[in-house]
Amino acid sequence: MSPRLVVLGPPGAGKTTVGQLLAERLGVSFRDTDEDVVTATGRAISDIFTTDGEPAFRALEEDAVAAGLAEHDGVLALGGGAVLSAATRERLAGHAVVFLNVGTAEGVRRTGLSTARPLLAGVNPRSTFKALLDARLPLYREVATVEVVTDDLEPEQVVDAVLARWRPSAG
Ligand SMILES: Nc1ncnc2c1ncn2[C@@H]1O[C@H](COP(=O)(O)OP(=O)(O)OP(=O)(O)O)[C@@H](O)[C@H]1O
Ligand SMILES: O=C(O)C1=C[C@@H](O)[C@@H](O)[C@H](O)C1
Ligand SMILES: [Mg+2]
């Protein structure tokens with residue numbers, strides 16, 4: 001079993017929003033590794049980050065991604081930092097992987113009103129977001145088979161762009 005599509009990108013790129021819409025359009029189910037970590041631990045992601053630290057969250061996330069890739073046949077959204085794991089990047093080889101990109105200004109705008117994102121909770125979310133994006137862009141691109149820049153698109157338009165460019169050659 002293998003996901004039809006894996007969706008990744010930075011916070012606010014729309015992995016959850018667009019991933020759900022993509023699943024609806026394709027008539028398949030949606031799964032989100034952030035949600036899987038919350039379900040498995042019974043804890044909020046911000047609590048895991050604050051109490052146990054980021055490495056503990058990354059270990060849980062790596063397991064959630066491996067399980068999702070092995071068990072899920074619909075659309076699988078990964079946490080924004082999942083690509084930081086070399087093991088995860090290796091596991092993504094051969095999958096249809098959509099990179100939803102978003103620039104700093106729009107990414108901060110979309111995530112700015114939420115306190116649920118521990119990595120962006122500091123004093124300067126803009127510089128934090130930019131640093132995160134700079135560090136991760138090569139990693140997202142290393143594993144992606146399709147990239148869509150979402151800044152000027154509504155979620156349904158992002159879905160249209162993904163479906164227009166994704167060729168389901170792998171089934
Ligand atoms: N293309 C878009 N245009 C406008 N708003 C968007 C778009 N995509 C997502 N949003 C909005 O941005 C916010 C963040 O979207 P979403 O939660 O889907 O991002 P995410 O990539 O799953 O983030 P995270 O990494 O934190 O899980 C939501 O309020 C959502 O409605
Ligand atoms: O970009 C990140 O590192 C994160 C994104 C979210 O999806 C969550 O996985 C968590 O808040 C960390
Ligand atoms: Mg999400």
Side-chain angles (χ1 to χ4, degrees), residues 3 5-25 30-41 43-68 72 74-86 88-89 97-122 125-140 143-144 146-165:
L5 277 179
V6 178
V7 181
L8 45 73
K15 300 179 293 297
T16 302
T17 310
V18 171
Q20 276 168 342
L21 293 172
L22 270 167
E24 279 172 33
R25 223 43 114 77
F30 174 73
R31 182 162 160 172
D32 191 320
T33 63
D34 281 337
E35 207 50 57
D36 292 343
V37 170
V38 171
T39 305
T41 59
R43 299 167 65 195
I45 290 174
S46 54
D47 175 45
I48 300 171
F49 262 80
T50 310
T51 309
D52 301 346
E54 181 172 348
F57 174 74
R58 296 298 173 207
L60 292 164
E61 178 174 59
E62 199 176 274
D63 290 346
V65 174
H72 187 60
V75 174
L76 181 70
L78 305 193
V83 291
L84 294 169
S85 157
T88 290
R89 296 199 301 279
V97 180
V98 177
F99 168 30
L100 298 181
N101 199 351
V102 67
T104 298
E106 179 67 7
V108 170
R109 197 184 68 72
R110 289 185 195 164
T111 54
L113 297 178
S114 166
T115 54
R117 293 174 175 87
L119 283 182
L120 300 177
R126 192 187 156 80
S127 65
T128 307
F129 193 99
K130 187 179 180 317
L132 175 154
L133 205 54
D134 287 348
R136 293 184 187 170
L137 264 179
L139 304 179
Y140 292 133
V143 296
V146 172
E147 175 175 341
V148 173
V149 176
T150 69
D151 297 60
D152 298 326
L153 301 177
E154 291 301 317
E156 289 286 359
Q157 293 176 306
V158 178
V159 172
D160 291 339
V162 170
L163 294 178
R165 295 173 53 192

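Indexing begins at 1, ligand by ligand and atom by atom, following the structure's order.
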Glu154: numbered ligand 1 atoms lying under 4.0 Å from its heavy atoms
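The list of qualifying atoms is 1 (N).
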Give a yes/no verdict on whether any heavy atom in Asp34 is under 4.0 Å from an atom of ligand 1.
yes
Would you check whether Ala77 reaches within less than 4.0 Å of ligand 1, judged by its heavy atoms?
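Outside the 4.0 Å threshold, so no.
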When only distance counts, is Lys15 in polar contact with ligand 2, meaning an N/O pair under 3.5 Å?
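Min N/O separation from ligand 2 is not below 3.5 Å for Lys15.
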Can you check whether Ile45 has an N/O within less than 3.5 Å of an N/O in ligand 2?
no
Looking at [X], which atoms of ligand 2 are within less than 4.0 Å of one of its heavy atoms?
| X | answer |
| --- | --- |
| Asp34 | 6 (C), 7 (O), 8 (C), 9 (O) |
| Gly79 | 7 (O), 9 (O) |
| Pro11 | 1 (O) |

Examine ligand 2 and decide if any of its atoms is less than 4.0 Å from a heavy atom belonging to [X].
| X | value |
| --- | --- |
| Arg58 | yes |
| Pro10 | no |
| Glu61 | yes |

Looking at [X] and [Y], does any basic side-chain N land under 4.0 Å from a carboxylate oxygen?
| X | Y | result |
| --- | --- | --- |
| Glu35 | Arg31 | no |
| Asp52 | Arg43 | yes |
| Arg110 | Glu106 | yes |

Nearest-option assignment for atom 22 (O) of ligand 1, heavy atoms, candidates Asp151, Leu8, Thr16:
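Shortest heavy-atom distance from atom 22 (O) of ligand 1: Thr16.
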Once you restrict to heavy atoms under 4.0 Å, what part of Arg136 touches ligand 2? Side chain, backbone, both or neither.
side chain
Quick one: pull up CG in Leu22 and OG1 in Thr17 and give me the separation to the nearest 0.5 Å.
11.0 Å
